[in-house]
Undergrad: 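Got a structure here, written out as structure tokens. Questions coming.
In this text, all values refer to a predicted model and were calculated from it rather than measured experimentally. Every number for a ligand or one of its atoms is a count from 1 in the order of the listing.
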Amino acid sequence: MKDAAPQTVYLADYTPFGYGVEDVHLTVRLDPGKTRVQSRIRFAPNPEAQDRDFFLHGEELTLLWAKIDGAAVTPQLSDQGLRCTVPDGPFIWEAEVEIAPESNTALEGLYMSNGMYCTQCEAEGFRKITFYPDRPDVMAVFTVRIEGPHPVLLSNGNPVDSGEGWAEWHDPWPKPAYLFALVAGDLVNHPDRFTTMSGKEVELNIWVRPGDEGKCAFGMQALKASMRWDEEVYGREYDLDIFNVVAVDDFNMGAMENKGLNIFNSAAVLASPETSTDANFERIEAIIAHEYFHNRTGNRITCRDWFQLCLKEGLTVYRDSEFTSDMRSAPVKRIGDVIDLRARQFPEDQGPLSHPVRPESFQEINNFYTATVYEKGAEVIGMLKRLVGDEVYAKALTLYFDRHDGQACTIEDWLKVFEDVTGRDLTQFKRWYSQSGTPHLQVAERFENGTFTLTFKQRTPPTPGQDEKLPQVLPIAVGLLSPSGDEVVPTTLLEMTEAEQSFDFGGLSERPVASVLRGFSAPVVLERAASRQERLFLLAHDTDPFNRWEANRALAQESLIASITGAEAGPDTAWLSALLEVVKNAAQDPAYRALLLGLPSQSELAQALHQRGVTPDPDSIHAAAEAHRQTRAELWQADLPMLARETEVTAPFRPDAEQAGKRALGSSLLAMQSRLDGGAAAQAQFDGADNMTAQLSALTSLITIGAADSALRAFEKQWRHDRLVMDKWFGVQIAYAPPAMAVEMAGLLTEHPAFDMKNPNRFRAVFGALAGNHAGFHRADGAGYDQLADWLIKLDAKNPQTAARMCSAFQTWRRYDADRQARMRAALTRIADTPGLSRDSTEMVTRMLG
Ligand SMILES: [Zn+2]
């Protein structure tokens, strides 16, 4: 760790590197404690750069020797890298360094996981492998020789040659160093082949530890589907002879798109019906697609600097969401994405960590792999596509791929492509990349002489560093329904550009009911004073599946808030009866019906209360949600058995949308049933389950009603050998624990022999679950805050990246009462004052404290 004062990097300070790299040859001699990395790099002055300062990044490296054009040199070393005097023209740089992968617990650079070697170089990990201009705008062709006693030695690109104890790889596509990868270990593969649209044969492999080969088939099928989809929808085909995917147990993120050698957190690729839930299958399919799609949006066209991260991530998240919509149900995918956006991105954008989709400064770029860059970045692409239309979007993308292939680009390059194709000026639209915060959109309506007028007002509350906000371009999809439920105006896209703007719909014989922001056409907080009757009407009649769900969500939120604030004694039973009729409609997709049964999360309710000027009390929120669930179960009691029968799956297990939807609905119904029968049905399902979805949903139902002791023991006995399943076991006991017990449960589980804080999945299973147990984490005595702070301090010393990201559990601290605020502030201050705290966590905590 560096304890020097963290330096802030600014977008405005960008300058190109003084030298281009023509090619890179690396020889890596693997050894747990003394790996040697020899580099041979051909540099030439960059004609586009003024600055001739030859600085190579390098951290935690022991330099053994360095040469320029064969003559020994003695560079000036610092803890950030080295400087050296170099010739005026092209030259060859050679150096050898020593590193210790076995003691690398930060999981950045070259490290070891269960005896295998692997790498993670995005964003700035390559500088922990060798001295190099470790910045994405320096792109080069790599040739890599790996020496080590392992049966499998992999790197990027195509295999060149290999023998006993060595292998050579060559990647013909110029790439930035963050896409470098190396894997070595005792691995087995699940092989397959793919024929591209131009008839090229590609060898595919998923590499895993022996014993996991039975869990690769689904990932492989998802990979082939992704390759085909990118050809059919974007016209892009794969560009190497081989594509390798490797599963690694210790990994900070979900997966990494290294050229031709994707490295995956094993949780994001290994799947089997017995060990994976339907949600796991869907996530794996999406992540495989995401990393594969990066080959074009990220690898072949990369980012000029890390401020442009959303260029590759926003677009690639958008592409993977389109893929999932095509593979599964588009409305269900859209609703899931919006639930996720509101749960993760909205709190970020409305709190102290708020930043633009393209940040303008950072201290540690790893802290900006955020929901804002990824998910809001994808929403911005979706809005752009809505505004220009599908055909123009396709044309613009083709131009983007043609014009910028092999380049490191900016958001300006991206938008210029759309401006060139459409002739439109996108200056105002570009604010989506620079202005932080979530816009609030108010709607008023008027009906006069057959004309219905919608008047919108937008305002974005101030965010850190941005007090004044300008109006955004908002695509607002609207449809109008007649009072009898017919659609009188089909979905129409309104383009709002002013702070206040009205839109007229003429020629109407009676006052319509408006369905506003269909499909959640812009990522805003919609403030609409719709009546309960109008929402019930939309729940019954809206032709837009998103807005039907949204009407129900609003009814749920209003009912819960009325209970929390004491305005109503209990849930809105008239609405629950209306909802039951919708849920009983067997013609509706079960997955969609399962979404209708979901309630706003307790954290979301806290945010909604805060926005209305009410200080949220986590205990009252929890009590209201519990009372609501209990009332609903009792009210629907007579219909539950019939509904449950409808969700039975008799065919062999398939992880597809159809079966998954039935199981999702079945799980919601089982949770209700458990409140009525003391867990009898859940215990029976648990005992007879032949798939993880059924087993885990039964287990969580039992935990929720406090009847899971024997099931938890049985689950542990059955799965103690499987790390990924045990992560679930750790997580659910805390996530579904009664709030008063969550902290004790987390404490107890950290003493379990299988708890390993060095494994990010396990750490997140425990403390992610604690942070997610809203009333448990926000216990009035502050025990949740203290416990999380203690563990984040411990983790920071080993793995700063994961520790820093998990600090965001505190980001909503200003929502709560003075006492809780003081306790959270104290916990944050204690983290901030820890001697030797990483720059990752320092930056996060400092931003939150403000
Ligand atoms: Zn990505």
Undergrad: Excluding waters, which protein N, O or S atoms are within less than 2.8 Å of the Zn ion (ligand 1)?
TA: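 Near the Zn ion (ligand 1), below 2.8 Å, one finds H290 NE2, H294 NE2, E313 OE1, E313 OE2.
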Undergrad: State whether E231 and R236 are salt-bridged, where the test is any N-O pair (Lys NZ or Arg NE/NH1/NH2 against Asp/Glu carboxylate O) under 4.0 Å.
TA: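 Not counted as a salt bridge, because no side-chain N and carboxylate O are separated by less than 4.0 Å.
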Undergrad: Here's one to test your reading of the geometry: is the NZ or CZ of K175 within 45 degrees of the ring axis of F142 and under 6.0 Å from its centre?
TA: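 Judged by the rule, K175 and F142 form a cation-pi pair.
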Undergrad: Evaluate salt bridge (Lys or Arg N to Asp or Glu O under 4.0 Å) for E257 paired with K312, printing each intermediate quantity in order.
TA: CA-CA 11 Å; E257 70 264 22; K312 74 178 180 79; 2.8 Å; yes
Undergrad: Judged by modelled atom types alone, do D349 and T372 share a side-chain donor-acceptor pair under 3.5 Å?
TA: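 Result is no, nothing qualifies.
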Undergrad: Compute both the distance and the angle, then confirm whether R319 meets the cation-pi test with Y234: under 6.0 Å from the six-membered ring centre, within 45 degrees of the axis.
TA: yes
Undergrad: Taking atom NZ of K758 as the centre, report whether more than 12 heavy atoms of other residues, nucleotides or ligands fall under 6.0 Å from it.
TA: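 Atom NZ in K758 is not crowded, with 12 or fewer foreign heavy atoms closer than 6.0 Å.
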